[in-house]
Asks: 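Sending over a structure as structure tokens; questions will come in a sec.
As a basis for the values below, the full set of heavy atoms in this structure was taken, side chains included, without hydrogen atoms, waters or symmetry mates.
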Amino acid sequence: MNAVAQPAVRPAAAVNSARLGRLAIASLHAELALAPKPGLVTPFDTGSHRDMDAGTFLRSLFALRHYFIAVADAGASAAPFQTLRAHGIAAEISMLHATAGINTHRGAIFSLGLLVAASAACQGRAGHAIAAEQVCQEVRRWAAELADAPLDANSPGQRARARHGVQGVREQAAAGYPLLRDVALPTLRHALASGLPREAAMCQTLMQLIACVDDLNLLHRGGADGLRWSQRQARRFLQGGGTFVPGWQTRLHGIGERFVARRLSPGGSADLLACSWFLLQQEGV
């Protein structure tokens, strides 16, 4: 496959792009390593998935390692949106080749890719690290192009989106990711500032996302009833103290067993969790 052409990147910007690319992969790995996670793949089980395991995700991450650097370079050099999109298409092909056709990271290729490009663009202009919320808002610069980009109407997520009349990640991106700015980032910041370790802080954030996101993966697998049931489970967990109280792992493991029994998997929320962790980490680059 030919490399996607893009403007030259200054050496300093190239170093920063490499750092952002590594942070993106590390953030996806942090989400994969997190356990327990209701219905999602962890290093210890396959959750509600029969066609993938942690090894599948690791092969996908290895295939994507150059994508996030390339998309950061594109952001730093103010490349047009079509360049970002071309990188994303090439990355999806690489992912599917590495996983024998299994979709492990399509959502992350889109959302995390845009946020990596936005972070590189912001840092390139400012010359220093940028607040996570500002990076989210930077994605709005591509709102018009996002609206015009073609959709795969036959994908499970897009079918669920059309059937249930809910917004998807494209609308989130065009609006500057309000779910990240208003839900995930405040929850994650508060949990970490309160002294929770990374695992607990990320699980708290994941459950907060499940509680309020119209997750297309949940809609695809369980319809509106499955989505609302999942949201109720997450809200009860949070109302009971979430990961701030002893024994939270046991409670969350029990919720996970109920998710698996219903074959439900909140993959969209997991993607947003990885994005939120990246956004906090890039503040220190």
Asks: Look at the side-chain heavy atoms of Ile, Leu, Val, Met, Phe, Trp and Tyr, link any pair under 4.5 Å apart, and say whether L218 and W229 land in one connected group.
Replies: yes

Asks: Give the C-alpha distance, both sets of side-chain angles, the deciding distance and a yes or no for side-chain contact (heavy atoms from CB on, under 4.5 Å) between I255 and F259.
Replies: CA-CA 6 Å; I255 293 171; F259 268 68; 3.5 Å; yes

Asks: Rounded to the nearest 0.5 Å, what's the gap from CH2 on W248 to CG on L252? Could you check?
Replies: 6.5 Å

Asks: Throw together a table of side-chain donor-acceptor distances under 3.5 angstrom for residues 203-210, partners on residues two or more places apart or in other chains.
Replies:
unit_1, atom_1, unit_2, atom_2, d
Q204, OE1, T243, N, 2.9
Q204, OE1, T243, OG1, 3.3
T205, OG1, A201, O, 2.8

Asks: Counting C-beta onward and ignoring hydrogens, is there a side-chain heavy-atom pair between M95 and Y67 closer than 4.5 Å?
Replies: no

Asks: Applying the side chain to side chain contact (heavy atoms under 4.5 Å, CB included) criterion to V213, which one of V183, L227, L272, D271 satisfies it?
Replies: L272

Asks: Nearest 0.5 angstrom please: E133 CD to L185 CG, how far?
Replies: 5.0 Å

Asks: Indicate whether any N or O donor in one side chain lies under 3.5 Å from an N or O acceptor in the other, for D215 and S269.
Replies: yes

Asks: Is there a side-chain contact (heavy atoms from CB on, under 4.5 Å) between R251 and F237 once you walk through the steps?
Replies: CA-CA 8 Å; R251 291 176 58 219; F237 175 79; 3.7 Å; yes

Asks: For residues 165-208, pull every pair meeting ring pair (Phe, Tyr, Trp, His ring centres under 6.0 Å), keeping only residues two or more places apart or in separate chains.
Replies: H190-F244

Asks: Looking at residues at least two apart in the chain, or sitting in another chain, which of them share a side-chain hydrogen bond (donor to acceptor under 3.5 Å, both in side chains) with R236?
Replies: none

Asks: Side chain of S48, backbone of L264: donor and acceptor closer than 3.5 Å?
Replies: yes

Asks: Hey, what's the ring geometry for F57 with H105, parallel, tilted or perpendicular (30° and 60° as the breaks)?
Replies: perpendicular

